[in-house]
Amino acid sequence: MSGTSLSDEAVLLERRDGAVAILTLNEPGKRNALTPAIRVALAEAIDRIERDAAIRAVVITGGPQVFSAGGDLTAMKADGLAGGRDRFRLLHAIVRAIVKSGKPYLAAVEGWAAGAGFSVALLCDTIVAAEGARFVASFPKVGLVADAGLLHTLPARVGQGRARQILLQANPIGARTGFEIGLVDEVVPDGTALDRAVALARAYDGLAPLPTAMAKEWLARGIDEVLDWERSAQAALFQTADHHEGKTAFLEKRRPAFQGR
């Protein structure tokens, strides 16, 4: 694949394959958690891509071991309701940029896509999952509600009934099960998700871009209402004892003792 990245030490690697842009989350020491640095880099890259007419499709991946473990719990500190709401400013800019982009986005998932990492995968129009990929909406395990648009994208993919089970039970879903319920579009052998996603992305170079953009514009209807709601709801949950307990229990690797407060 052709193209360049700033450095293998960058938290987001960016390269080109013809008309396809490939973005790789690159913080394996944190299992590609959505750290503040990754969010800034992702927002900047998406803005550049959106303004580049030569790019016809975008692939997001997390490398061979993990797509993304979700939110960075070590940096998850919110100073009151206002601070909690402000935390979503950049994340929601990323969500809107992907969902409302005129360009198709594809996710190439190897390993875990958990919490907000799951949400990012579902922002994409096509999900290619390796056999060993696993998805989980783990938010209730740390006293939070699904965010990054998952309350919009998940029901759109699997329907309200299955979405309820995934969101409320927080059980992991394997790639094959995900394919059977419409969560995943293709399942491929481990280690080949990126190659397959790029191959699918190349096909958009032979399709008119304006109809694609218009179809995506229609499918994005409703995302703003979800984001506005989750911003307020999650900001309130950040202040709860249950969130503190869930976060502490996760970092201490023990079972949480939630009290509903």
inquiry  = Would Glu44 and Arg39 count as a salt bridge (Lys or Arg N to Asp or Glu O under 4.0 Å) here? Give the steps.
reply    = CA-CA 9 Å; Glu44 291 175 349; Arg39 295 184 191 203; over 6 Å; no
Under a side-chain separation threshold of 4.5 Å, the hydrophobic residues clustered together with Met214 are none
Starting from Val66, walk the hydrophobic network (Ile, Leu, Val, Met, Phe, Trp, Tyr; side-chain heavy atoms closer than 4.5 Å) and list everyone else you reach, by chain and number.
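Grouped by the 4.5 Å side-chain rule, Trp112, Val136 form the rest of the cluster around Val66.
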- Evaluate the salt bridge (Lys or Arg N to Asp or Glu O under 4.0 Å) criterion for residues Asp47 and Arg51: first the C-alpha distance (whole Å), next the side-chain angles of each, then the deciding distance (0.1 Å), finally the verdict. CA-CA 7 Å; Asp47 182 63; Arg51 290 183 282 106; 3.0 Å; yes
- Message: Are Val145 and Leu168 linked, directly or through intermediate hydrophobic residues, by side-chain heavy-atom contacts shorter than 4.5 Å (ILVMFWY only)?
- Response: no
### Message
Is there a continuous path of hydrophobic side-chain contacts, each under 4.5 Å between heavy atoms, that joins Leu219 to Leu183?
### Response
no
In this structure, CD of Gln165 is separated from CD1 of Ile173 (nearest 0.5 Å) by 10.0 Å
TODO: Answer yes if the side chains of His152 and Glu225 hold a donor-acceptor pair under 3.5 Å, and no otherwise.
DONE: no
Does the side chain of [Y] come within less than 4.5 Å of [X]'s, by heavy atoms?
X: Asp185; Y: Arg157; value: yes
X: Asp17; Y: Val59; value: no
X: Ile98; Y: Ile46; value: yes
X: Val20; Y: Ile22; value: yes

So, does [X] use its side chain to make a donor-acceptor pair with the main chain of [Y] at under 3.5 Å?
X: Thr177; Y: Gly174; answer: no
X: Thr240; Y: His243; answer: yes
X: Asp190; Y: Gly132; answer: yes
X: Asn26; Y: Ala10; answer: yes
X: Thr248; Y: His244; answer: yes

Do other residues, nucleotides or ligands put more than 12 heavy atoms under 6.0 Å from [X] [atom1]?
X: Phe258; atom1: CZ; answer: yes
X: Arg254; atom1: CZ; answer: yes
X: Glu217; atom1: CD; answer: no

Cation-pi geometry met for Arg231 and Trp229 (6.0 Å, 45°)
no
*Can you check salt bridge (Lys or Arg N to Asp or Glu O under 4.0 Å) on Lys247 and Asp242, steps first, answer last?*
CA-CA 8 Å; Lys247 184 169 65 171; Asp242 274 356; over 6 Å; no
Open item on the list: Checking Ala148 now: which residues fulfil side-chain contact (heavy atoms from CB on, under 4.5 Å) with it, not counting sequence neighbours?
Closed with: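 By the side-chain contact (heavy atoms from CB on, under 4.5 Å) rule, Ala148 matches Leu91, Val95, Ser119.
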So salt bridge (charged side-chain N to carboxylate O under 4.0 Å, His left out) across residues 111-131, not counting sequence neighbours, yields Asp125-Lys216, Glu131-Arg176
field: Asn32 and Glu27: CA distance, side-chain angles, deciding distance, side-chain hydrogen bond (donor to acceptor under 3.5 Å, both in side chains) verdict
entry: CA-CA 5 Å; Asn32 293 333; Glu27 211 163 359; over 6 Å; no
Q. Mind checking what makes side chain to side chain donor-acceptor pair (under 3.5 Å) contact with Glu186, not counting sequence neighbours?
A.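 Side chain to side chain donor-acceptor pair (under 3.5 Å) list for Glu186, sorted by chain: Arg196.
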For this session: Could you please spell out the steps behind the side-chain contact (heavy atoms from CB on, under 4.5 Å) verdict for Leu167 and Leu151?
Result: CA-CA 8 Å; Leu167 292 167; Leu151 293 170; 3.6 Å; yes
Q.
Taking ring-ring contact (aromatic ring centres under 6.0 Å, His included) as the cut-off, I'd like each qualifying pair that reaches into residues 125-144, sequence neighbours left out, listed once.
A.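 Listed by first then second residue: Phe118-Phe135.
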